[in-house]
Asks: 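Attaching a single structure in structure tokens format; questions to follow.
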Amino acid sequence: NKLKSAKSQSYGSYSETCKVASKEGTSMATPALAGAAAITRQYFRDGKYADWIADQSDHSCTLYPCSPTNISGVLVKALLINGATALAEWDTTDDQDDDANNVPLKHPPDYKQGFGRVQLNTVLPLGTTSFDLFVSDRQTISTNATHNLTYHVTDASVAFQATLTW
């Protein structure tokens, strides 16, 4: 899918326009991902995760901090990676209508799609999204040390996902 944005004029051209342009690729993925990262950080900064935790039936937290508001860039990275979904195919031409040039993609991560398309509603409890979310930020792991965490999955029909980043 192409992203639509305001169309800029060429360098040195200052005419006013209300045109839009359809773009794709890293030129559009970068600002889209930056926006998703900003929304993710703001979600925690505004205390929405803390509010969501308070609304859950089990208020216990096993790791500190239970409801962080000042999250690290590493946690933002983990959430964005965990929330990415695989892309089906890669268009090898500029013509999106030519199905003959669409190449199926393998499961991410890979060179063509990275970790996939970021979807915030798969990692942040937004609106009516229903799922469990546990985050742990700024945990120190020393060389040759181990940390054991146990999670009880109560619904086998829902995939368990974990992302470790540094």
Asks: Please check this pair: side chain of Ser142 against backbone of Ala145, looking for a donor-acceptor N/O pair closer than 3.5 Å.
Replies: no
Asks: Does the side chain of Phe44 reach to within under 4.5 Å of the side chain of Val135, using non-hydrogen atoms?
Replies: yes
Asks: Just wondering, are more than 12 heavy atoms of other shown residues or ligands nearer than 6.0 Å to OH in Tyr111?
Replies: no
Asks: Can you name the closest pair of heavy atoms from Pro108 and Ala86 and give their distance?
Replies: CD-CB, 3.5 Å
Asks: Consider only side-chain heavy atoms of I, L, V, M, F, W and Y, link residues closer than 4.5 Å, and tell whether Leu80 and Phe115 are in one cluster.
Replies: no
Asks: Of the options Val118, Leu79, Ile81, which is the one that meets Val123 in a side chain to side chain contact (heavy atoms under 4.5 Å, CB included)?
Replies: Leu79
Asks: Can you tell me which residue among Gln119, Arg117, Gln113 is in a side-chain hydrogen bond (donor to acceptor under 3.5 Å, both in side chains) with Thr85?
Replies: Gln119
Asks: Hydrophobic cluster membership, with links at side-chain heavy-atom distances under 4.5 Å among I/L/V/M/F/W/Y: are Phe160 and Leu149 in one?
Replies: yes
Asks: Between atom CG of Asn148 and atom OG1 of Thr146, what is the distance when rounded to the nearest 0.5 Å?
Replies: 5.0 Å
Asks: Is the backbone of Val74 close enough, under 3.5 Å, to the side chain of Thr165 for a donor and an acceptor to pair up by distance?
Replies: yes
Asks: Please identify each residue that fulfils side-chain hydrogen bond (donor to acceptor under 3.5 Å, both in side chains) with Asn144, with sequence neighbours left out.
Replies: none
Asks: With rounding to the nearest 0.5 angstrom, report the OG1 to CG distance, Thr40 to Leu124.
Replies: 5.0 Å
Asks: In this structure, would Ile39 and Leu75 fall into the same cluster of hydrophobic residues linked by side-chain contacts under 4.5 Å?
Replies: yes
Asks: Please check this pair: side chain of Arg41 against backbone of Ile71, looking for a donor-acceptor N/O pair closer than 3.5 Å.
Replies: yes
Asks: Linking directly or through intermediates, with side-chain heavy atoms under 4.5 Å: list the remaining ILVMFWY members grouped with Ile141, chain and number order.
Replies: none
Asks: Identify whether Val76 and Leu33 are in the same connected component of the hydrophobic contact network (ILVMFWY, side-chain heavy atoms under 4.5 Å).
Replies: yes
Asks: Indicate yes or no: at least one non-hydrogen side-chain atom of Asn82 is less than 4.5 angstrom from one of Thr122.
Replies: no
